Structures are given as C-alpha cells and as structure tokens.
2 protein chains.
Amino acid sequence: MMELTRKGEYAIRGIVYLAGKPLDKVCLLSDIAAAVDVPPTFLAKIFQQFSKIGLVKSFRGTGGGFMLGREPENITLLEVVEAVEGPIMPNRCVAAPTDCERSGFCNVHPVWRRVQGEVRSVLGGVTLKELSAAK
Amino acid sequence: MMELTRKGEYAIRGIVYLAGKPLDKVCLLSDIAAAVDVPPTFLAKIFQQFSKIGLVKSFRGTGGGFMLGREPENITLLEVVEAVEGPIMPNRCVAAPTDCERSGFCNVHPVWRRVQGEVRSVLGGVTLKELSAAK
DNA sequence: CCAAAAAAGACTTTATATATCTTTTTATGA
DNA sequence: TCATAAAAAGATATATAAAGTCTTTTTTGG
Ligand code: SF4
Ligand code: SF4
C-alpha cells in the first residue's frame, strides 16, 4: 500500500529537472532521461501526458524538446503526483462512498479521509521551485 | 498510488468486527466473513497471518474460531494496516535510501519521509476500540 | 525535400492482487 | 476411540496493473 510507482518517481525526476532550467530553455527528452536516469521511452509517455494538461510544453521537430509549462513556484508536487498517479486515494470509499454500503455507519471511513487530507496537504505545500533548488 | 488493497480493507473489517465482541467470545470465521461481507477463504488467510503475530487468537476444532488477541484500545489501525500491507512506504527510498544514489542530494526524499510520518501518525492515533464503537 | 524530434498506438513482459481448492492438523464430545 | 467441526497450510488459478519496448506517424526547421 501507499507506494509511489516507478512512473510517478520518474515523472517527478523529469519535471524537477525541467524546473531547474530557465523557463525558456528547450530540453531534449534524451538529455533529460539520461540526466535523471530514467528509460527514455517511458519518460516520453509521461511527458506526453504532462504536455496535454499543460504541466510541460513540448516542441516537435528539429530543435524540439520540452520545457516547464509554468513557473516552478506555481506547480506543487501534489499536482505532479496526481497528474501521473491519479487522485490521492487511500481507500476507494474516499472517492465513492456510495460504492460501499457500509460507509453510512463505518468509523474507518473518516480516517481515510483524514489520511487523504494530510497527504494532500504535505504534497501541496511543496513547489517544484523548492525541489529543484540546490541544497 | 496510495490505495489500500482489498486484503487490507477486508482485514480491517474483520478485526474491527472482532473488536466489537467481548474479548472472550470465540467467533466463527464463517460468521465473521458473512457479517462483514468478505470472501471467507480470503479472510481465513488474513487471520492466519494475524494469528501468528498475536493480533488475533485462533482455536481449532469443534467450538473453535477467532477472538481478538489483545484489548481493542491497545491495537491501532496502523498496526493492523502494516501487518497486512507491510510498512507505510510512500516511496521506496524511505525504506532504503541507499538504493537510490540520488538520495544524497535529493530534495524530494525528505518530503516522502514527511508523508510517511503524517500517515503513520493518523493511523497510529486510532484504536480498534474507537473503530468498533457504535456511532 | 531531409533530418530531427515528439506523438500516438500497439505490444510484451513481469509482478501483484484477488481469490479458490484441496489436504492436513487439531480439538471436542458422543 | 471415532466422527465431526474448524482452522492451518499449501497449491493453484485468474485478473489486473505496472513497467517497459517497438513501430509508425506527425510536426518542424533548415
Ligand atoms: S467499510 Fe468503511 S472503510 Fe471500508 S470501504 Fe466501506 S466505508 Fe470505506
Ligand atoms: S530521486 Fe529522491 S525521491 Fe526519488 S527515489 Fe531517489 S531519493 Fe527518493
């Protein structure tokens, strides 16, 4: 339970790398993948998703590549993680309480809602700017 | 990411049911499974695990069944979840930082440690006694 | 038009989740 | 002591999701 997938891990590595570059710098996928040690074909898929929702901008053809879609101080880790993993969802009843007919009298249900809230709060409090900053 | 498995969900349902019974009452697996709407064979596997670590006590043969291993106010949801799902681990580097050679300079790493801490804190703050109490 | 690069889609492989079934062991009590 | 009840143990099956690769297509700059 509760474990980030490789896809999620790779996504974060890739987008944090972009966040560390100037906003107008176009980066080659192959360079990014090599720098953050991720299979290039896999990262390609991830960035395609990100491109659709504007998290990154992509440019095709010669001289093409990727750059961050917005200022890194305006993108939270929560946004990145949910984009690639789906909503933070400790238990399915958090999304769809009606799916479980026990949710009406279940004392566990609210606990999962709290867990969701805490996780979202931590991830939502961290921006790509902070993550890309050198220590 | 972050989703409890059926096994985890079933485990909680089963043990919370036990927590709602007197500590000396032996419950039939088939009764528990029916009451909490879980496949009996699956619940059997889960309770076998729990029995080994003392979370529940089991009795074989005629008149056998299960009861809670300790007072419900001394068992936290965290203990139950970790028993069945393994340690709360938002990212693998939290368990084994040395596995990732980036952990030395990674700014994301400490975020996952915070997530782990928050989740453990929420789950650790809830006992089976509270969960079994009628609303 | 050519070459570079991302987009899109199909496909493979591997691992994990979700069970079920059969056999064995243990305990009770008639 | 024998029949029966019940859990333990182990094997097996199926489905789903994760992880990764490959091929073809589209876009763009020069
Ligand atoms: S029993 Fe409670 S915790 Fe489990 S799925 Fe239903 S509402 Fe959620
Ligand atoms: S890159 Fe950072 S967050 Fe990702 S696994 Fe390594 S240490 Fe953990």
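This one's a predicted model, so the numbers in the text were calculated from it and none came from an experiment.
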Engineer: Applying a 4.0 Å non-hydrogen cut-off, can you work out what B:Phe47 is touching in the nucleic acid: base, sugar-phosphate, or nothing?
Structural biologist: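 Nothing: the residue B:Phe47, judged by heavy atoms under 4.0 Å, touches no strand.
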Engineer: A:Lys57 NZ to C:dA7 C1': how many Å, rounded?
Structural biologist: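 Value for this atom pair: 19 Å.
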Engineer: Go through C:dT18, C:dA7, D:dA7 for me and flag the one nearest to the B:Leu29 side chain.
Structural biologist: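 The closest nucleotide is D:dA7.
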Engineer: Taking only Lys NZ, Arg NE, NH1 and NH2, and the carboxylate oxygens of Asp or Glu, determine whether B:Glu118 and B:Arg113 approach each other closer than 4.0 Å.
Structural biologist: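 No, this pair does not count.
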Engineer: In whole angstroms, how far is the P atom of C:dA7 from the CZ atom of A:Phe50?
Structural biologist: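 The distance from CZ of A:Phe50 to P of C:dA7 comes to 13 Å, rounded to the nearest Å.
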Engineer: Between B:Glu71 and B:Lys129, is there a salt bridge with N-O shorter than 4.0 Å?
Structural biologist: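 Here B:Lys129 does not pair with B:Glu71 in a salt bridge, since their nearest N and O are not under 4.0 Å apart.
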Engineer: Return the value, rounded to whole Å, for the distance between atom CZ of A:Phe59 and atom C1' of D:dT26.
Structural biologist: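 To the nearest whole Å, that distance equals 17 Å.
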Engineer: Rounded to the nearest 0.5 Å, what's the gap from CG on A:Leu131 to SG on B:Cys106? Could you check?
Structural biologist: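 It comes to 8.0 Å.
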Engineer: Would you tell me if any nitrogen or oxygen in the side chain of B:Tyr10 comes within less than 4.0 Å of OP1 or OP2 on C:dT18?
Structural biologist: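 False: B:Tyr10 side-chain N/O out of range (4.0 Å or more) of C:dT18 OP1/OP2.
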Engineer: Remember a base hit wins even if backbone is also touched, and classify B:Ser58 as base, sugar-phosphate or nothing at under 4.0 Å, heavy atoms.
Structural biologist: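 Sugar-phosphate only.
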Engineer: Which part of the nucleic acid, if any, lies within reach of B:Thr5 when heavy atoms closer than 4.0 Å are counted: base, sugar-phosphate only, or nothing?
Structural biologist: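 Answer is sugar-phosphate: B:Thr5 comes under 4.0 Å of backbone atoms only.
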Engineer: Would you compute the distance between atom CZ of B:Phe47 and atom NZ of B:Lys57 and round it to the nearest 0.5 angstrom?
Structural biologist: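 So the CZ of B:Phe47 and the NZ of B:Lys57 are separated by 14.5 Å.
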Engineer: With side chains defined as the heavy atoms from C-beta onward, is the minimum distance between B:Arg70 and B:Leu23 less than 4.5 Å?
Structural biologist: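 Contact flag for B:Arg70/B:Leu23 side chains = no.
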Engineer: To the side chain of A:Thr62, which of D:dG29, D:dA19, C:dA10 is closest?
Structural biologist: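 It is D:dG29.
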Engineer: In whole angstrom, give the distance that lies between atom CD of B:Glu3 and atom P of D:dT16.
Structural biologist: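 Result: 15 Å.
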Engineer: In whole Å, I'd like the distance from the CZ atom of B:Phe42 to the P atom of C:dC21.
Structural biologist: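 Spelled out: CZ on B:Phe42 to P on C:dC21 is 14 Å.
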Engineer: Determine the contact category for B:Lys52: base if any of its heavy atoms lies under 4.0 Å from a base atom, sugar-phosphate if only primed atoms, P, OP1 or OP2 are that close, otherwise nothing.
Structural biologist: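 Sugar-phosphate contact only - B:Lys52 comes under 4.0 Å of backbone atoms but never of a base.
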Engineer: Do B:Arg6 side-chain and C:dT18 base share a donor-acceptor contact under 3.5 Å?
Structural biologist: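 Under the 3.5 Å cut-off, the side chain and the base do not form any donor-acceptor pair.
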Engineer: Find the distance A:Asp37:CG to D:dG20:P and express it as a whole number of Å.
Structural biologist: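 Result: 11 Å.
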Engineer: To the nearest Å, how far apart are A:Gln49 CD and D:dA18 P?
Structural biologist: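 Checked: the CD to P distance equals 12 Å.
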Engineer: Any N or O donor-acceptor pair under 3.5 Å from the base of D:dA8 to the side chain of B:Lys45?
Structural biologist: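 No such pair is found, so the answer is no.
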Engineer: Using the closest heavy atom to pick a nucleotide of DNA chain D for each, name whichever of A:Gly8 or B:Gln48 lands nearer the 5' end.
Structural biologist: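 Its nucleotide being nearer the 5' end, the pick is B:Gln48.
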Engineer: Using heavy-atom distances to pick each residue's nearest nucleotide on DNA chain D, tell me which of B:Ser30 and A:Pro39 is more 5'.
Structural biologist: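 The residue closer to the strand's 5' end, by nearest nucleotide, is B:Ser30.
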Engineer: May I ask you to say whether A:Arg92 pairs ionically with B:Glu3, meaning some side-chain N is under 4.0 Å from a carboxylate O?
Structural biologist: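 Looking at B:Glu3 together with A:Arg92, the answer is yes, because their closest N to O distance falls below 4.0 Å.
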Engineer: Mind checking B:Lys7 for me? I need base, sugar-phosphate or nothing, with any heavy atom below 4.0 Å counting as a touch.
Structural biologist: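 Answer is sugar-phosphate: B:Lys7 comes under 4.0 Å of backbone atoms only.
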Engineer: Can you find a donor-acceptor pair, distance only, under 3.5 Å between A:Arg60 side chain and D:dT26 base?
Structural biologist: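 Side chain to base: pair found, below 3.5 Å.
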Engineer: Could you tell me how far apart B:Met67 (CE) and D:dA6 (C1') are, to the nearest whole angstrom?
Structural biologist: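 Taking CE of B:Met67 and C1' of D:dA6, I get 14 Å after rounding.
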